[in-house]
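The structure presented is a predicted model; accordingly, all values stated were derived computationally and were not measured. Counting convention: from 1, in listed order, for ligands and their atoms alike.
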Amino acid sequence: MNIKGKIVFITGASSGIGMESAKAFAKEGCKLILTARRIDRIKILAAELLKEFGTESLTLPLDVRKKEEVFTLFEKLPNDWKKIDILLNNAGVGKGLSPLHDSDPEGWDEMIDTNVKGLLFITKSVSNLMIKNGSGHIINVGSVAGREVYPNGNVYCATKFAVNALTKAMRVELYDKNIRVTTVDPGMVETEFSLVRFDGDEERAKNVYKGMTPLSPADIADTIIFCATRPAHVNISEVVIYPSDQANTTTVKRS
Ligand code: NDP
Ligand code: 8X3
C-alpha cells in the first residue's frame, strides 16, 4: 500500500527506534507528528527531514505520562492534522535491572506510567480520531520482554506483557472499525535504552551489547514500514524480531 501523504503520529521520536521510524516514514512521503520531551531534538530531526525529503512535520513537546497534557494536545491539534492515519506507540523506558526485592519503586512508577499508562492516554485519544475518520493503523512497540520474563527484568517485563495484552484488546475492539492493530516486539536493539536503564552509566550500557551484534533501530523501522505498507485487507498482527546472535531473552552468543 502506498502511504505517501499519510499522517503518522510518533511518540518518542527524539531517539532510537522512534527517530529511525520517523526517517523511514519520511522516506515513504508521509507527514509526521513528532513528539517527545526533548523538543530540541525533534525540531532538529524535522529540519533534517524537510531538507532531505521535503517532509511536513509538526513538532510537539509531550510527556506521555501527563494525562491532561496528552488530552489537551489532541484537542488543540490543527484540524488538518487530526486525520491521523498511523499511530506509532513507541515511547518507553526501562529503569534498573535488579531483583524486585532490591529495586527502586520510583523506577517502577516511571516504567508503568510511561510504558502502560502513557500508551493508554495516547491510544484513547488517537483511536477516537481514527474511529471518526473511519480508518487507521496502530503500531505498538512491545518487546520480547513482553513474551518471556528474564531475571531482574520484573517490572519492565510486566509493562511489556501489559502492552501485549492491550494490543490484543485493541485489536478485538477496533478491527470492525477499519483500524488495524500491530505489535512489533524486538529483542536487543542498540539505542539509548540501556543508557537510560542504567541512569547514564555508559560503560554498563555498552557492555549489554559486548561481543554480539544487536539489532539497529533502522532494522526495527524497516519492519514497521513493512507492516504499515501491507494492503488494506492485511493486518500483520505480531512481529517478533531478534538479532541473529540472540535466541531468547536469556540466550545470547558473544565472542
Ligand atoms: P531510546 O531510549 O533510544 O528512546 C526512547 C524514546 O522514548 C525517546 O525518544 C524518549 O524521548 C521517549 N520517552 C521516554 N519517556 C517518555 C515520556 N515520559 N514521554 C514521552 N516520550 C518519552 O530507546 P528505544 O528506541 O530502544 O525505545 C523505544 C521503544 O522500544 C521503547 O518502548 C522500548 O521499550 C522498546 N524496546 C526497546 C528495545 C531495545 O533493546 N532498545 C527492545 C525492545 C523494545 P524523550 O526522552 O525525549 O522524551
Ligand atoms: C528491551 C530489551 O531485552 O532488555 O525491551 O528487554 S530487553
Visitor: Between W81 and K31, is there a cation-pi geometry (under 6.0 Å to ring centre, at most 45° from the normal)?
Guide: yes
Visitor: At under 4.0 Å between heavy atoms, is it the side chain or the backbone of R37 that contacts ligand 1, or both, or neither?
Guide: both
Visitor: Consider every N or O of A36 and every N or O of ligand 1, then say whether any pair is closer than 3.5 Å.
Guide: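 It does not: no N or O of A36 is found under 3.5 Å from an N or O of ligand 1.
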Visitor: My understanding is that we take every heavy atom of each candidate and find the minimum distance to atom 31 (C) of ligand 1. Doing that for V141, N90, L62, which one comes out nearest?
Guide: N90
Visitor: As an exercise, identify every atom of ligand 2 less than 4.0 angstrom from a heavy atom of A145.
Guide: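 Near A145, the atoms of ligand 2 are 6 (O).
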Visitor: Mark yes or no: R147 above the aromatic ring of F161, with NZ or CZ under 6.0 Å from the six-membered ring centre and no more than 45 degrees from the axis.
Guide: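 Ring-cation test returns no.
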Visitor: Just jot down the ligand 1 atoms closer than 4.0 angstrom to any heavy atom of G16, in number order.
Guide: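 Those atoms are 3 (O), 25 (O).
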Visitor: Nearest to atom 6 (O) of ligand 2, what protein heavy atom do you find, and at what distance?
Guide: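 Ranking protein heavy atoms by distance from atom 6 (O) of ligand 2, first comes Y150 OH, 2.7 Å.
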Visitor: Quick check: is I3 connected to M130 through a chain of hydrophobic side chains (ILVMFWY, heavy atoms under 4.5 Å apart)?
Guide: no
Visitor: Look only at interatomic distance and state if Q246 has a nitrogen or oxygen under 3.5 Å from any nitrogen or oxygen of ligand 2.
Guide: no
Visitor: Does a side-chain N-to-carboxylate-O contact under 4.0 Å join D109 and K95?
Guide: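 K95 and D109: not salt-bridged.
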Visitor: Would you mind finding which of A91, S15, G118 brings a heavy atom closest to atom 4 (O) of ligand 1?
Guide: S15
Visitor: If you measure from each heavy atom of K160 to ligand 1, is any distance below 4.0 Å?
Guide: yes
Visitor: So for atom NZ, which belongs to K83, do other residues, nucleotides or ligands contribute more than 12 heavy atoms lying within a distance under 6.0 Å?
Guide: yes
Visitor: Measure the distance from atom 1 (C) of ligand 2 to every protein heavy atom, then report the residue, atom name and distance (to 0.1 Å) of the closest one.
Guide: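 Protein heavy atom at minimum distance: Y156 OH, 3.2 Å.
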Visitor: Centre-to-centre under 6.0 Å for Y209 and F193, is that the case here?
Guide: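 Ring centroids of Y209 and F193 are no less than 6.0 Å from each other.
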Visitor: In terms of side-chain heavy atoms, does T183 have a donor or acceptor partner in E238 at a distance below 3.5 Å?
Guide: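 Distance-only check fails for T183 and E238.
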Visitor: Can any side-chain N or O of D201 pair as donor or acceptor with the backbone N or O of E203 at less than 3.5 Å?
Guide: yes
Visitor: In this structure, does ligand 1 have an atom that sits under 4.0 Å from one of the heavy atoms of G142?
Guide: yes
Visitor: Show your reasoning for whether salt bridge (Lys or Arg N to Asp or Glu O under 4.0 Å) applies to E192 and R38.
Guide: CA-CA 13 Å; E192 292 177 14; R38 287 170 291 179; 3.4 Å; yes
Visitor: N90 and S21: side-chain donor and acceptor closer than 3.5 Å?
Guide: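 No, no side-chain donor-acceptor pair sits under 3.5 Å.
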Visitor: Check ligand 1 against D63 and write out every atom of the ligand that is under 4.0 Å from a heavy-atom position of the residue.
Guide: 17 (C), 18 (N), 19 (N)
Visitor: Decide yes or no on salt bridge (Lys or Arg N to Asp or Glu O under 4.0 Å) for E48 and K51, but give the supporting numbers first.
Guide: CA-CA 5 Å; E48 283 169 6; K51 198 166 161 206; over 6 Å; no
Visitor: With heavy atoms of F193 as the reference, note each atom of ligand 2 found under 4.0 Å away.
Guide: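 Atoms satisfying the 4.0 Å criterion: 1 (C).
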Visitor: With heavy atoms of R197 as the reference, note each atom of ligand 2 found under 4.0 Å away.
Guide: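 By the 4.0 Å cutoff, the relevant atoms are 4 (O).
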Visitor: Out of G146, S14, S21, A145, indicate the one that has the non-hydrogen atom closest to atom 47 (O) of ligand 1.
Guide: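 Of the listed residues, S14 has the closest heavy atom.
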Visitor: When you look at CD of E69, are more than 12 heavy atoms from neighbouring residues, nucleotides or ligands closer to it than 6.0 Å?
Guide: yes
Visitor: Does any N or O of ligand 1 fall below 3.5 Å from an N or O anywhere on G12, backbone included?
Guide: yes
Visitor: When you look for heavy atoms under 4.0 Å from ligand 1, do you find them on the side chain of Y242, its backbone, both, or neither?
Guide: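 For Y242, no heavy atom sits under 4.0 Å from ligand 1.
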Visitor: Will you find, in the side chains of N164 and T167, an N or O donor that is under 3.5 Å from an N or O acceptor?
Guide: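 There is no such pair (donor and acceptor under 3.5 Å, judged by atom type) between the side chains of N164 and T167.
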Visitor: Measure the distances from the heavy atoms of G187 to every atom of ligand 1 and state whether one is below 4.0 angstrom.
Guide: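 Checking ligand 1 against G187, which is what was asked, there is a heavy-atom contact under 4.0 Å.
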Visitor: Considering both backbone and side-chain atoms of Y209, is one of its nitrogen or oxygen atoms within less than 3.5 Å of a nitrogen or oxygen in ligand 1?
Guide: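 Between Y209 and ligand 1, no N or O pair is found under 3.5 Å apart.
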Visitor: Taking a cutoff of less than 4.0 Å between a non-hydrogen atom of the residue and any ligand atom, is K160 in contact with ligand 2?
Guide: no
Visitor: Using a 4.0 Å cut-off to any heavy atom of M188, which atoms of ligand 1 qualify?
Guide: 40 (O)
Visitor: Just going by heavy-atom distances, which of V189, D40, I17, V64 is nearest to atom 40 (O) of ligand 1?
Guide: V189
Visitor: With the threshold set at under 4.0 angstrom, would you say T11 reaches ligand 1 through any of its heavy atoms?
Guide: no
